[in-house]
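Step one of this worksheet: look at the structure below.
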Amino acid sequence: MAPIPLAVTRFAPSPTGHLHIGGARSALFCWAFARRARRDGIDGRFLIRIEDTDQTRSSDESARGILEDLAWLGIEWDDGPELKVAGESSRSGETGGTRTIGGDPRGVGPFFQARRVALYNAHIDALAHAGRAYPAFETPEELDARRRDAIAAKRTYRYERPADVLPGVFHEQRWSRARSGERHVVRFVFPEEEVIVHDSILGDVRTAPGELDDLVIRKADGFPTYHFAVVIDDELMGVTHVLRAQEHLANTPRHVAMQRALRRLDNGRPFTVPVYGHMPVICNMDGSKMSKRDKAKAARKAARDAMARDPSITAATLGSQTGMGEPAVSGFLAGENDSAQTAEALAGRFNVPLPEIEIWDFRRSGYLPEVIVNFVALLGWNPGMKDADGKDLEKFDLPFIAEHFSIDRVGRSSSKFDRAKLLSFNADAIAAMTDDHFVRRVRRWFAEYEPGSLATLEARDPAALGILAPALRPRCRTLRDVVRQVAFALAQDNGYAFDPAAVEKHLRAGGGAGALSLREARSHLASLDPWSPEAIQVAIEQAARRLGFVTEKGVNVGPVAQPIRVAIAGVSVSPPLGESLAVLGKAATLARIDRCLKEVGV
RNA sequence: GGCCCCGUCGUCUAGCCUGGUCCAGGACACCACCCUUUCACGGUGGUGACGAGGGUUCGAAUCCCUCCGGGGUCACCA
């Protein structure tokens, strides 16, 4: 029996921060490709590898965070670092067992490149003996100077191969200098030939001979460069399809050239050139590349605008208010750094939202993982199908993607990230939930990001979210919106102010007609039992009827409802009164009305 | 600047490979109206694009060329 064909895709993040929205899409497409392959009887596998060869910027916490972000999105890997996540039962909100994502069933790990250095060195040795790699001793400063000279002379800078290095010849002198401990990097002898990359999305991309120079494959610290490690690992991990962002396209000829030069150490066979597919990048609405620096930019702008309006605001005052200190703030404002921490602190100080860039940001802002997945999939891919109404099908889930994904339908042009459309998708998903499901999701989100508010709300009524759910769902575009919607219930009964404009319009106008209505409503409410949303609604209608607010179309409850709203919320906007008053409870409602009547004094 | 990639409504896109059914369809946003106790939701309708110019063809969003525009990349980062 023939072996089952294998299709392996991989996502290879460097653990230097959170998972970027663009990275999430790359991961999603790789995952989808592998899953789709299974329908054709292929053993499709999605692999994760952590590219931590940058010693100074990588961290384990970051690696873990990225894995957790992927798991949150529901993108699970077949080969890769292990991550324990809450088990199936936790979906219902109960604490259940845990299960593990990842592992190494094929024995191709470890999946952290820092633990694979011996492997890289063995291949570099082989390359050295084949005369395809050599030590180079120029210092970074020297190279910088050469680069600057070239730019000044308007020449294209390329590293010039030392005259004593001959392709195909093992360079004993250089290697012995290297062995003796002299600081050096190792460079790859780039062949003098045309390299063609067969890209499954873009078609053939040719690179003319002489276009590329001898790239560094091992840094002075002994770690491989990204380019080299990728090539070795993709081969050793059996990666067959490389789907990644277009920013890597220009690097691909280098990778292909190395694959041609390398042989496996175990069986002497040449490296396999994987199938490549470079997908378009995701940019901001202004066309710039989406970057975590955008958060710093937004915070900086908010601070500068405020300082321009109010000269008393200075880096010093901000430094002390945010607890960041004056030097950190002034450095940040001068653009010397893009510290995420300072950006967050300033955004908090000026109460401006920072743009969501990383998955973690979207999660905190109350976006649903399935919506992020759906939306991001649409950036660069679409199923090309119609829904039951004959409209373009654009709402779908992970299983759908796993079933229908194909490289053929990945676009070639870059796309802009339209936050308004994302928000609309999120709102639609929330509106489509059952109330029970909505409550579970909201509680989980609150427990993570607003635990104090959750406690306050449920102290008022343990069933508060359940009561409000039907009113909340069409009003909340994100889970975080719930905070704003329930603000009235979070306030102390005597702890909110009455908006003067709302008081004027709904209570004082017409000689205090609103206040009169409020008194009438109060007496209906005071004798109400049971205290349910429906009963409250009926009581308000009765009050309106009693006051004569009846037209040929029926009872007009507005003149009664608005004064109540101002009384219980302080403003003329709130969720529907039935649910709102039900959550407050009878005693609090009456107390709020009484305080309003007293303070307004009409 | 060199090299490379891309170019349909403001945005995401369907259509392009296999020219005619496209005076270009959908979604988001926007505008108007309806519904309505506020805010939302919802309903109906509307504004709005084949980057430009040349070819090829009876016929081009679809094929070819040029130009223009946008992006990527040129590290001992990944």
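To find a chain, count down the sequence lines: A is the first, B the second, and so on, and within it residues start at 1.
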If you look at every strand shown and take non-hydrogen atoms under 4.0 Å, does A:E541 touch a base, only sugar-phosphate, or nothing?
nothing
Is the distance between the ring centroids of A:Y367 and A:F375 under 6.0 Å?
no
Step through it carefully: locate the ring centre of A:W381, locate the ring centre of A:F396, and say whether they are under 6.0 Å apart.
yes
Taking the six-membered ring of [Y], is NZ or CZ of [X] closer than 6.0 Å to its centre and within 45° of its axis?
| X | Y | answer |
| --- | --- | --- |
| A:R441 | A:F438 | no |
| A:R409 | A:F405 | no |
| A:R187 | A:Y159 | yes |
| A:R147 | A:Y157 | yes |

In the 5'-to-3' direction, what one-character label does each nucleotide of nucleotides 39-46 of chain B receive under the scheme B = base within less than 4.0 Å of a protein heavy atom, S = sugar-phosphate only, - = no such atom?
BBS-----
A correct 5'-to-3' footprint of nucleotides 4-12 of chain B, with B, S and - meaning base, sugar-phosphate only and no protein heavy atom under 4.0 Å, is SSSS--BBB
Under-3.5 Å N/O pairs linking protein and nucleotides 17-24 of chain B:
none

Would you give the length of the straight line joining atom OH of A:Y276 to atom NE2 of A:H248, rounded to the nearest 0.5 angstrom?
11.0 Å
At less than 4.0 Å, is any side-chain N or O atom of A:K391 found next to OP1 or OP2 of B:A14? Yes or no.
no
Between A:L212 (CG) and B:G2 (P), how many Å, whole number?
17 Å
Quick one: which of B:G2, B:A78, B:A75 gets closest to the side chain of A:R158?
B:G2
